[in-house]
Structure formats: structure tokens, C-alpha cells
Amino acid sequence: MIDLIDSHCHLTYFSDQEQDEIVKRAKNIGVSKVVSIGTKLSETDKLISLAKKYPDYIYITVATHPEYANEFQNTYQDVINEVNKSDKIIAIGEPGLDYYYSPDNKKEQLNLFEEHLKAAEILDIPVCIHTRNAEDDTIELLKKYPKVKFLLHCFSSEKRLLDYALERDMYISASGIITFKKSIELCELFKYVPINRLLVETDTPYLAPVPYRGKTNEPSYVVKTAEKLAQIKEVTLEELCKETTNNFYRFFKRAKR
């Protein structure tokens with residue numbers, strides 16, 4: 001059986017019964033760990049309860065997503081306080097910048113993202129970054145925090161952001177988008193990423209890979225993304241799983257095998 005990790009999903013979006021069924025299917029297919037990501041700091045307790053429900057299987061992250069920059073302007077101390085609530089919190093995630101859906105509040109997004117980066121620097125904890133249509137601002141802000149380790153979640157950005165991340169020896173995560181027919185250019189970019197810098201994810205419940213596209217995504221589907229990524233990297237699925245799992249534990253140092 002394969003050993004694969006879904007490095008980014010949102011299991012708190014499901015009911016308790018749905019969570020049980022989703023976790024069972026993921027375990028049965030060989031998904032050994034799952035990371036459920038936070039989108040509001042106010043959800044931390046809910047995420048901690050989820051991690052306690054599935055000990056040794058689910059890790060969590062906490063942060064406020066740029067979508068909520070108008071609603072919340074958390075300080076770096078707010079972020080630190082939430083991270084310190086549980087040792088199941090292995091990263092700050094997913095803060096960042098999104099100018100695709102919310103181009104009119106760039107100042108608020110930048111301020112919020114920087115507070116998360118400050119917290120990451122103080123805590124020496126990695127950041128899972130959401131960035132869309134915001135390559136230049138993402139790069140410029142990250143340059144202010146050269147010690148912060150980061151992962152570009154669900155990467156679908158331009159090459160200049162990829163180049164910057166690789167220059168800093170950071171990590172890139174592939175989602176189901178790479179399985180879509182129109183993702184030819186994105187697949188070419190993933191050819192360029194060293195295999196020791198890659199992770200895989202579902203971003204459940206979004207972006208279900210082919211052949212499940214259009215359905216509600218779930219961690220068990222991550223194998224389809226892994227199969228496509230193995231094809232892109234010209235390695236076996238088993239080798240891809242081994243590499244991405246090792247990368248996961250190297251990046252998320254708070255996670256235990």
C-alpha cells in the first residue's frame with residue numbers, strides 16, 4: 001500500500017459523520033496523515049477538537065485567510081496565542097494575498113499577511129501560503145522575512161514566484177488542478193520543481209482532481225494528484241509518495257511520523 005499525505009484540506013467544513021467516513025476512505029487507500037487548515041483564528045478550538053478526535057492522524061494549522069481581511073485584522077500576538085494552544089498545530093496556515101476575488105482591499109490583506117509572517121518568525125514555525133494574482137506583493141513581503149520557512153499551497157501562480165520560492169529552498173504543493181486538461185503550462189512548471197521540494201494536497205472540499213472533477217473533494221482523492229505528479233516527474237507512484245512524505249516531515253518539523 002502507498003504512504004501518502006494530504007498536506008492541505010478543510011475537514012471542519014464537514015459534519016462529524018461525514019468526517020468519519022472521509023477519514024475511513026482516506027486510510028483505506030493509504031493516506032497516512034491529513035492536515036486540516038484554518039481560515040479564521042476564531043476556529044482554532046474547533047480545529048483542536050478535530051485533531052483530538054483523530055489522534056496521530058490529523059494535524060492542524062491556524063490563521064486568517066485573506067478572504068477575511070476586512071472582517072479580521074489579527075495582530076502577530078493574536079496568531080502566537082492561537083498557535084500556542086496545541087502541539088497539534090504544525091504551521092500557520094493559510095494566510096496570504098488574493099487579488100483575484102478581493103482586489104479592493106490590498107492594504108488590509110498586506111497588513112494581515114505581515115502579522116502572520118511576524119508570528120512565524122518569532123515562533124520559528126512554517127507558513128502555508130495562499131496567493132492568487134498577487135505574485136509581486138507576495139515576493140516583496142516575503143523578502144522582509146528571510147528566515148521564515150514557507151510552502152506555496154495549491155500552486156498555480158507565475159514562474160517568478162516559483163523561482164523566488166526555490167531560491168529560498170522552500171516548498172511547492174500540487175493540487176488537483178494539475179490533472180485538469182487546460183493545465184498544460186502549470187504541469188510544465190512542476191517539471192521544473194525539484195522532487196525534494198514537492199508536496200501534494202487536495203484542498204478539500206475544493207478542486208477535486210480528474211476523474212472526480214465537479215464532485216466534493218476529499219483526502220482519498222489525493223492519490224489521483226500524486227499519480228499525475230509522478231507522471232510529470234517521470235517517477236513511479238511509490239517513489240513520488242516516498243519523496244513527498246519525506247518532504248512533509250522535513251517541512252513540518254512539529255509533525256511526528
Side-chain angles (χ1 to χ4, degrees), residues 1-39 47 50 53-54 57-61 65 67 93-94 98 100-101 128-132 151-157 171-191 193 195 198-245 247-248:
M1 180 180 288
I2 62 172
D3 178 5
L4 194 57
I5 295 175
D6 182 358
S7 65
H8 192 114
C9 67
H10 300 278
L11 289 186
T12 56
Y13 293 8
F14 298 89
S15 69
D16 287 350
Q17 182 178 350
E18 288 171 327
Q19 289 169 0
D20 290 340
E21 294 167 352
I22 287 168
V23 167
K24 182 178 180 179
R25 287 193 291 269
K27 287 182 176 180
N28 285 344
I29 205 167
V31 178
S32 61
K33 290 287 191 300
V34 167
V35 183
S36 192
I37 305 291
T39 56
L47 284 157
L50 175 69
K53 182 181 176 184
Y54 304 99
Y57 191 72
I58 291 179
Y59 287 107
I60 56 175
T61 71
H65 189 284
E67 177 184 355
E94 58 178 299
D98 194 322
Y100 182 81
Y101 287 115
C128 304
I129 295 174
H130 173 105
T131 179
R132 191 173 186 190
L151 164 71
L152 297 178
H153 129 75
C154 191
F155 183 80
S156 59
S157 300
Y171 292 77
I172 313 296
S173 182
S175 71
I177 295 175
I178 65 170
T179 69
F180 300 171
K181 289 183 178 180
K182 293 184 178 180
S183 295
I184 297 172
E185 292 183 5
L186 180 60
C187 290
E188 286 298 315
L189 288 180
F190 272 98
K191 286 183 180 179
V193 181
I195 197 168
L198 288 171
L199 295 178
V200 287
E201 64 169 274
T202 57
D203 202 14
T204 293
Y206 313 110
L207 303 174
V210 175
Y212 306 110
R213 190 174 182 184
K215 298 182 178 180
T216 300
N217 205 359
E218 61 176 75
S220 63
Y221 296 169
V222 73
V223 68
K224 295 301 179 183
T225 298
E227 287 172 353
K228 179 63 176 182
L229 191 57
Q231 178 185 338
I232 292 169
K233 302 306 293 180
E234 298 182 340
V235 297
T236 65
L237 176 61
E238 290 73 18
E239 184 177 353
L240 191 282
C241 292
K242 180 180 178 180
E243 290 283 349
T244 56
T245 295
N247 296 344
F248 174 89

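- Side-chain contact between V193 and F155 is absent, with no heavy-atom pair separated by less than 4.5 Å.
- Side-chain atoms of T245 come within 3.5 Å of backbone atoms of D3 as a donor-acceptor pair (strictly under, hydrogens ignored).
- Under the rule for a side-chain contact (heavy atoms from CB on, under 4.5 Å), the partners of K27 that lie at least two apart in sequence or sit in another chain are V23, Y57.
- Other residues, nucleotides and ligands contribute over 12 non-hydrogen atoms within 6.0 Å of the NZ atom of K53.
- For E94, the salt bridge (Lys or Arg N to Asp or Glu O under 4.0 Å) criterion is met by no residue, not counting sequence neighbours.
- Note on ring orientation: taking the six-membered ring where Trp is involved, the planes of Y212 and Y221 are parallel (angle under 30°, cut-offs 30° and 60°).
- Using a 4.5 Å heavy-atom threshold, the side chains of L240 and I195 count as touching.
- For the 3.5 Å distance criterion, the side chains of Q17 and S15 fail to qualify, holding no donor opposite an acceptor.
- Using a 4.5 Å heavy-atom threshold, the side chains of L47 and T12 count as touching.
- Two residues are said to be in side-chain contact when any heavy atoms from C-beta on lie closer than 4.5 Å; P219 and L11 meet this criterion.
- Scored by the side-chain contact (heavy atoms from CB on, under 4.5 Å) test, C241 finds I2, L4, L237 as partners (sequence neighbours excluded).
- Residue K233 qualifies as enclosed at atom NZ: its count of foreign heavy atoms under 6.0 Å is above 12.
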